[in-house]
Amino acid sequence: MSGAALGLEIVFVFFLALFLLHRYGDFKKQHRLVIIATLLAWYLCFLIVFILPLDVSTTIYNRCKLAANSSPAESNGSYVTLAPSKQKCFKPWSYIPNGIMPIFWRVVYWTSQFLTWILLPFMQSYARSGGFSITGKIKTALIENAIYYGTYLLIFGAFLIYVAVNPNFNLQWNQLQTIGIAAANTWGLFLLVLLLGYGLVEIPRSHWNGAKRGYLLMKTYFKAAKLMTEKADAEENLEDIMEEVRKVSESIKYNHPLRKCVDTILKKCPTEYQERMGRNMDDYEDFDERQNSYPSEKSLVKLHKQVIYSVQRHRRTQVQWQILLEQAFYLEDVAKNETSATRQFVHTFHSQEPENKIIQYFYTPTVEWYWECLLRPWFYRVLAVVLATFSVIVVWSECTFFSTQPVLSLFAVFIQLAEKTYNYIYIEMACFLTIFFLSICVYSTVFRIRVFNYYYLASHHQTDAYSLLFSGMLFCRLTPPLCLNFLGLTHMDATISHKNTQPTAYTSIMGSMRVLSFIADGFYIYYPMLVVILCIATYFSLGTRCLNLLGFQQFMGDSEMTSDLIDEGKELIRREKRKRQRQEEGENRRREWKERYGNRDDSTRNRVAHTDQKESSFSETNTNRPLSKYTRSNGRTERDRIELLQDAEPLDFNADSVNDDPLELDSGRYQPGGRYLSMSRSKVFDDV
């Protein structure tokens, strides 16, 4: 089993990252480099979270083995071994041989840092660029990132000059490397505590509110009203951008040097707009550079960027609206089925997607009713209580993990109790649950947060390239300080425990933080206590109330604006529901008509086709005969038709003169306003 657990987790984490990226990204439409870079960033961050418990268990085994082979006071290099234990050291099932983990952590860490600080910011600017060539996009990305990279180079250069001038400092390359790691972890820890304070409260509360059907339905109505406003804004913005594209397309003709750029812009437009612009364009008209003023290439680049953004936003709002409608319809069905006497779940609308037969066999309407109406609310309540308990433990441990005598951090107590008995399964499970819960609190906030329309992770393949790359940057910057915070909570970090024991392989690549004592003994210990204030602010929804006061509508039960938006969303859902019902009724009537009269229509269609074939053959036979035989007869028929038109009096087809009694009307077609295309033959030919 040596190294087998590491290999299995590497494969499992890869498919987990691939599944999440497939849910949010679009493999068919987005650039492959964007997909690969985002997948690599997510994969490395998730891999650190899953592999770190194996590093902890391997370190505990190495400490036990080293203590068993050493004397109580023997020193070994930079650390002092413990007294020999009477307990026999059992090798854990997931033991990783020495030398593998340091290399593994070094590759993973520095790759993630290269992604988050150099490659991903450049790819963000490249993805948002409206250039028409690779060279143009690279140039735009370099210009946009010049300030970004120049700031870091300026700070680093000033620091190197200060170290070189000051004779008190004698820093080596390893110490400079440690200072760089400490600076990156400090920035990540600052953001980590903010996101963690929100997630520790919001995740248990969201699951508790998930058990309230009325709450979820009201919130869905609220989201529907807000999304309809955003959807209308996106449609209006798209119309304005398409109007500009139309003007540019009409002004720049087929033989203009910038016509290729216009064609590239047209390819990014929706299909209906492309067809409309194609019909109104005259490709045979030459351009005259002296008479007309044409847009520059720079303005076309800006227009191209606006087209990409507006089309993506419009498509995203359309898909989100359909998904929100399905959620609202389902929640309304749940509210109706709660009082059902048959205890079978009845859907108002059938699912548009084909369901799996295995799921249909086990998840019957009766099982669905018991789960949705009885079991699911209680399951969410129990899960919310468990998550709230974990949150309380995390907050307590964040405030007390610096205390080593006595040990107040509950996570450290759990690990030390398991370390005495060398129960590696319990150690790995405790470490995994702890770091997994911390990761869920932080990463879920990254998935929920929205910075206007610049950063927004939307599910169902609706996330743009810029947001995907930005999420990869956040993950790579948050994961290393998250793991260091976890090791501090469990007292596996020597900086926190103040013990000269063998460190984990992960902390060994970070170097000794003693180089910057004010960070190791100050910021890393006392700043996480701020999570208490953030949790209190999140519990009382202070951030939501501030956004509401600034004009950003947020869901608040005691707000008049929230009530108005709920009523508006309820009316929108009701309107869409009636529209969906009319569509289904029309489809059902057409289906019933086809099933009832399908065979008769087929026979009638065959009979009509046979008659048309006979008439066509008869007409062909007549056309082959000489026309002189029927010339006189045809001339007489023509004269009779002319005389008939001349002698007939004009008829008045006003609505007042037409008899509305259907019994007195001959068969004919009726036109709006009481007019008929044909009248009774006896009345027409009375004067003939």
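Start at 1 with the first residue, then count along the sequence.
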Q. Would Phe447 and Thr463 satisfy side-chain contact (heavy atoms from CB on, under 4.5 Å), going step by step from the backbone distance to the final call?
A. CA-CA 11 Å; Phe447 280 100; Thr463 306; over 6 Å; no

Q. Can you name the ring pair (Phe, Tyr, Trp, His ring centres under 6.0 Å) partners of Tyr466, sequence neighbours left out?
A.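 If we apply the ring pair (Phe, Tyr, Trp, His ring centres under 6.0 Å) test to Tyr466, skipping adjacent residues, there are no hits.
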
Q) Listed by chain and number, what are the ring pair (Phe, Tyr, Trp, His ring centres under 6.0 Å) partners of Tyr527, not counting sequence neighbours? A) Phe190, Phe523

Would you indicate whether [X], at its atom [atom1], is surrounded by more than 12 heavy atoms from other residues, nucleotides or ligands within a distance under 6.0 Å?
X: Phe436; atom1: CZ; value: no
X: Phe329; atom1: CZ; value: yes
X: Trp208; atom1: CH2; value: no

Does the side chain of [Y] come within less than 4.5 Å of [X]'s, by heavy atoms?
X: Thr116; Y: Gln113; value: yes
X: Val346; Y: Pro365; value: no
X: Asn237; Y: Ile241; value: yes
X: Leu20; Y: Tyr43; value: no
X: Lys29; Y: Arg315; value: yes
X: Ile393; Y: Phe437; value: no

Before accepting this row, confirm whether a basic side-chain N of the pair [X]/[Y] lies closer than 4.0 Å to the acidic partner's carboxylate O.
X: Arg128; Y: Asp464; result: no
X: Lys231; Y: Glu235; result: yes
X: Glu326; Y: Arg580; result: yes

Q) Should Leu484 and Tyr506 be marked as a side-chain contact (heavy atoms from CB on, under 4.5 Å) after you check the CA-CA gap, both sets of side-chain angles, and the distance that decides it? A) CA-CA 9 Å; Leu484 286 178; Tyr506 185 80; 4.1 Å; yes

(Q) Please confirm whether the ring centroid of Phe345 lies under 6.0 Å from the ring centroid of Tyr330. (A) yes

Q) What do you reckon, are the aromatic ring centroids of Phe50 and Phe432 less than 6.0 Å apart? A) yes

Can you name the closest pair of heavy atoms from [X] and [Y] and give their distance?
X: Val395; Y: Cys535; value: CG2-SG, 4.0 Å
X: Thr445; Y: Leu195; value: OG1-O, 3.4 Å
X: Ile449; Y: Val446; value: CG2-O, 3.3 Å

Q) Which pairs pass ring pair (Phe, Tyr, Trp, His ring centres under 6.0 Å) with one or both residues in residues 549-575, sequence neighbours excluded? A) Tyr215-Phe555, Phe222-Phe555, Phe452-Phe552

Donor-acceptor pairs under 3.5 angstrom involving side-chain atoms of residues 542-551: please list them, not counting sequence neighbours.
from	atom 1	to	atom 2	distance (Å)
Arg545	NE	Phe540	O	3.3

Q) Would you call the rings of Trp117 and Trp187 parallel, tilted or perpendicular if under 30° counts as parallel and over 60° as perpendicular? A) perpendicular

Q: Evaluate the ring planes of Trp42 and Tyr24, with Trp represented by its six-membered ring, and classify them as parallel (under 30°), tilted (30 to 60°) or perpendicular (over 60°).
A: perpendicular

Show me, pair by pair, the donor-acceptor contacts under 3.5 angstrom made by side chains of residues 408-418, not counting sequence neighbours?
from	atom 1	to	atom 2	distance (Å)
Ser409	OG	Leu489	O	2.7

Q. Distance from Glu576 atom CD to Glu571 atom CD, nearest 0.5 Å?
A. 11.0 Å

Q: With sequence neighbours excluded, tell me which residues meet side chain to side chain donor-acceptor pair (under 3.5 Å) with Glu202.
A: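 Glu202 satisfies side chain to side chain donor-acceptor pair (under 3.5 Å) with Arg205 only.
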
